[in-house]
**Student:** 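There's a structure below that I have some questions on.
Computed from heavy atoms alone, side chains included, the values below leave out hydrogens, waters and symmetry copies. Residue numbers begin at 1 in each chain, while the letters A, B, ... track the order of the sequences.
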Amino acid sequence: MTRSNDEVAARLSEMAELLSIGGGDPYRVRAYEKAARAVESYPLEVDELDARALDEIPAVGSHIAAKILQLASTGHLDELDELRAQVPAGLRSLLGVPGLGPKRARQIYDELHVTSLPELAEAVRAEQLRHLKGWGDKSEAHLGEVLRQYREAAGRMQLATALALAEELLGELASVPGVERATYAGSLRRRCETIGDIDLLVAAVDPVPVMDAFAACRLVAEVGARGSTKSVATTTTGVQVDLRVIPPEVFGAALVYFTGSKAHGIHLRRIAQRRGFKLSEYGLERVADGSVLASATEEQIYAALGLSYVPPPLREDTGEIEAAANGELPELVEVVDLRGDLHTHTTLSDGLATLEEMVAAARSRRYRYLGITDHAPLLAMQRVTAEKVLDQRRAVEALRRPDLELLHGSELNIQPDGSLDWDDDFLSGFDVLVASVHSAFQMSRDDMTKRLIRAVEHPSVNILGHPTGRSLGHRPAIECDWEAVFDAAARSGTALEVNSFPDRLDLPGELARLAQQHGAVLAISSDAHATRHLDHVALGAATAQRGWVRPDSVINTWPIGRLRRFLRKEWHP
DNA sequence: GCCGTTTTCGGCCCGACTGTTTTCAGTCG
């Protein structure tokens with residue numbers, strides 16, 4: 001929530017939600033939703049724009065422009081304040097529950113006076129919902145299951161949210177006099193897909209000015225506990241942040257300790273113990289005489305334990321310590337290795353940027369190639385037709401330049417039986433095809449496996465898009481025999497996507513690792529629906545790192561010639 | 001509330017799925 005656009009978009013979304021609960025004009029609700037999305041992904045800072053510049057934003061007209069101006073100058077919105085007064089606080093949180101829309105949220109409030117998630121869970125337990133009109137025991141039981149999953153995810157934020165928050169705080173702490181280093185540790189540094197709380201580490205001789213600056217940070221709402229080396233704060237967005245101030249000479253040891261994971265740390269300490277050492281957050285010591293072997297840097301500590309340096313995303317005790325001992329850690333793919341992006345959208349389907357804008361953004365990232373893969377017709381909410389797609393292909397041809405290869409493609413929909421949009425002849429006309437599951441997520445494991453294998457084996461399909469279909473904190477992964485799918489992908493020269501969208505990160509790291517072990521290749525893609533979304537590949541690359549993925553396993557690190565041969569299926573493992 | 005080779009009003013994303021119904025309402029993507 002550091003960008004003004006994110007804050008404005010959040011207010012516009014809240015307007016939409018409150019209007020929908022209040023039973024307002026659904027088209028007006030949608031107008032606010034669309035405007036929120038457009039603002040969120042707009043490349044310029046909206047609080048620096050005047051009325052005319054705001055009108056340039058798609059889906060923002062004169063009314064919403066005026067509201068953004070009011071927000072920018074006063075920090076609040078009259079109409080939103082009025083709506084908040086009309087709709088009970090807490091009722092909004094019910095809309096976040098999958099399966100509960102405005103109508104049912106309103107119904108539950110009106111008839112059962114439920115205004116919060118705990119009250120909703122209680123109503124489910126008391127079997128009150130099944131008596132409401134349109135409800136039965138099945139829908140009530142289903143809601144109970146959804147609520148259970150929802151509770152498990154609660155209190156954790158997405159990786160991207162935590163990164164932005166941590167970087168903002170570190171920016172303020174790094175400029176405090178006496179600070180030698182400032183970084184984040186914990187699950188955030190390991191690039192876990194969701195983050196519970198944020199751990200910050202600062203190297204400084206005197207902790208007092210650092211703690212003072214921390215308490216004064218714009219994003220810090222209150223400091224709950226403060227000791228001599230540690231402060232615990234809550235941010236304005238309700239996130240817990242632990243700050244530890246460490247003497248510079250033991251910073252490396254502290255970084256190892258607080259980066260974890262717990263299992264990785266235990267394993268390291270066991271190795272230290274066997275060698276007659278003791279490892280703690282203060283350093284690696286010889287037990288016999290208390291002499292310090294290493295403490296200032298992580299590299300020194302791993303080296304003193306006879307290990308090569310273990311990158312944080314690998315520190316889960318899933319074999320990385322053994323590999324480090326044998327000098328067999330993999331070279332990991334990095335975001336700078338990516339030469340292009342093979343899954344992006346434009347205004348032809350549900351993207352917010354035009355083809356020309358996406359191409360310009362790819363060029364400014366110095367990509368060598370870009371795949372344009374708008375949705376195909378079976379995703380009914382879009383209005384894509386074969387004619388529009390062919391028009392787009394001509395537009396792509398016209399934009400071709402030697403510095404940036406454009407690949408014309410589509411994101412197809414895998415039907416329950418594994419079939420795809422369009423016939424084989426039409427499909428063979430594309431340069432790159434992503435095939436994804438967008439519907440019927442609940443199938444038996446066997447049927448789902450057959451469905452995915454049929455799509456993966458289609459001669460024109462190049463990439464299986466967001467394979468598990470999960471939405472973090474919202475929808476679980478589909479049930480499937482992944483090893484069978486990965487084997488089929490390896491055989492047929494189809495890549496598995498590591499989708500970089502913050503609420504997907506799909507494949508997850510552990511499945512990406514399994515895919516690579518089965519000889520399949522991967523594609524790290526942004527799934528960008530706006531120019532700024534292209535940056536999300538940093539999250540995808542981090543997720544791939546957690547899966548031990550090497551650069552050579554990722555098709556969009558390859559030069560264009562090799563990539564084109566792969567896309568034409570002229571590639572054999 | 002937005003938007004316009006259907007232009008300043010009257011459209012606006014539409015088909016599938018689920019669970020409840022007996023013809024449909026609500027939700028989702």
**Student:** Could you tell me if A:Asp503 and A:Gln158 have a donor-acceptor pair between their side chains, going purely by distance under 3.5 Å?
**Tutor:**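 There is no such pair between these side chains.
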**Student:** As a test of reading the structure: which of B:dG26, B:dG29, B:dG1 is closest to the side chain of A:Lys103, going by heavy atoms?
**Tutor:**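 The answer is B:dG26, which lies nearest to the side chain.
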**Student:** Which nucleotide sits closest to the side chain of A:Tyr32: B:dG29, B:dG1, B:dG26?
**Tutor:** B:dG1
**Student:** In whole angstrom, give me the gap between the P atoms of B:dC17 and B:dC12.
**Tutor:**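 Between the two P atoms, the distance is 24 Å.
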**Student:** Quick one: is B:dT20 close enough that its OP1 or OP2 comes under 4.0 Å of any side-chain N or O from A:Ser139?
**Tutor:**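 Indeed, a polar side-chain atom of A:Ser139 lies that close.
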**Student:** May I have the distance from A:Asn413 (atom CG) to B:dC17 (atom P), rounded to whole angstrom?
**Tutor:** 13 Å
**Student:** Rounded to the Å, how far apart are A:Arg470 CZ and B:dG29 C1'?
**Tutor:**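 Going from CZ in A:Arg470 over to C1' in B:dG29 covers 19 Å.
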**Student:** Please tell me if A:Tyr27 has a side-chain N or O lying less than 4.0 Å from either OP1 or OP2 of B:dG1.
**Tutor:** no
**Student:** Just how far, in rounded Å, is P of B:dC17 from CD of A:Gln415?
**Tutor:**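 Spelled out: CD on A:Gln415 to P on B:dC17 is 9 Å.
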**Student:** From the list B:dC2, B:dT27, B:dT20, which nucleotide is the closest neighbour of the side chain of A:Ile64?
**Tutor:** B:dC2
**Student:** Using whole Å, what does the distance between atom P of nucleotide B:dC14 and atom CG of A:Leu378 come to?
**Tutor:** 15 Å
**Student:** For atom NZ of A:Lys34, is the number of surrounding heavy atoms from other residues, nucleotides or ligands below 6.0 Å larger than 12?
**Tutor:**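 No.
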**Student:** Would you measure the distance from the P atom in B:dC2 across to the matching atom in B:dC13 and give it in whole Å?
**Tutor:** 15 Å
**Student:** Counting heavy atoms from C-beta on, name the nucleotide in B:dG26, B:dG29, B:dG1 closest to the side chain of A:Glu79.
**Tutor:** B:dG1
**Student:** For atom P, what is the distance between B:dA25 and B:dT20, given to the nearest Å?
**Tutor:** 16 Å
**Student:** Taking only side-chain N and O atoms of A:Arg30, does any of them lie within less than 4.0 angstrom of OP1 or OP2 on B:dG1?
**Tutor:**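 Checking B:dG1 against A:Arg30, no side-chain N or O comes under 4.0 Å of OP1 or OP2.
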**Student:** Between B:dT20 atom P and A:Arg104 atom CZ, what is the distance in whole Å?
**Tutor:** 8 Å
**Student:** Salt bridge or not for A:Lys388 and A:Asp391, using N-O below 4.0 Å?
**Tutor:**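 Salt bridge absent between A:Lys388 and A:Asp391.
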**Student:** Check whether any side-chain nitrogen or oxygen of A:His142 sits under 4.0 Å from OP1 or OP2 of B:dG19, and answer yes or no.
**Tutor:** no
**Student:** Choose from B:dC17, B:dG1, B:dT27 the nucleotide whose nearest atom is closest to any side-chain atom of A:Ala31.
**Tutor:**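 Within the option list, the nearest is B:dG1.
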**Student:** Do A:Glu397 and A:His408 have side-chain N/O donor and acceptor atoms under 3.5 Å apart?
**Tutor:**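 A:His408 and A:Glu397 do not have a side-chain donor-acceptor pair below 3.5 Å.
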**Student:** Roughly, in whole Å, what's the span from CE in A:Met443 to C1' in B:dC17?
**Tutor:**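 It is 13 Å, rounded to the nearest whole Å.
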**Student:** So, do A:Trp135 and B:dT20 meet the stacking rule of ring centres under 5.5 Å and planes under 30°?
**Tutor:**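 Not stacked: fails the 5.5 Å / 30° test.
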**Student:** Side chain of A:Lys138 only, heavy atoms from C-beta on: which candidate in B:dG26, B:dC2, B:dT20 is closest?
**Tutor:**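 Nucleotide nearest to A:Lys138's side chain: B:dT20.
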**Student:** Under the ring pair (Phe, Tyr, Trp, His ring centres under 6.0 Å) definition, can you give me all pairs with a residue in residues 435-465 of chain A, not counting sequence neighbours?
**Tutor:** A:His375-A:His438, A:His438-A:His466
**Student:** Side chain of A:Arg475, heavy atoms from C-beta onward: which of B:dC2, B:dT20, B:dG29 has the nearest atom to it?
**Tutor:** B:dG29
**Student:** Not counting sequence neighbours, list each pair that qualifies as a ring pair (Phe, Tyr, Trp, His ring centres under 6.0 Å) and has a residue in residues 14-70 of chain A.
**Tutor:**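 For residues 14-70 of chain A: none.
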**Student:** Just the rounded figure in Å: distance from P of B:dG29 to NE2 of A:His466.
**Tutor:** 11 Å
**Student:** Which is more 5' along DNA chain B, the nucleotide nearest A:Lys34 or the one nearest A:Ala105? Just name the residue.
**Tutor:**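 In this pair, the answer is A:Lys34.
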**Student:** Taking for each residue the nucleotide of DNA chain B bearing the nearest heavy atom, is the 5' side occupied by A:Gly99 or by A:Asp137?
**Tutor:**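 With A:Gly99 and A:Asp137 compared, the 5'-side residue is A:Asp137.
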**Student:** Take atom NE2 of A:His438 and atom P of B:dA16, then tell me their distance rounded to the nearest Å.
**Tutor:**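 Rounded to the whole Å, the gap is 16 Å.
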**Student:** Can you tell me, in whole Å, how much space there is between the C1' of B:dC14 and that of B:dT21?
**Tutor:**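 Result for the C1' pair: 22 Å, nearest Å.
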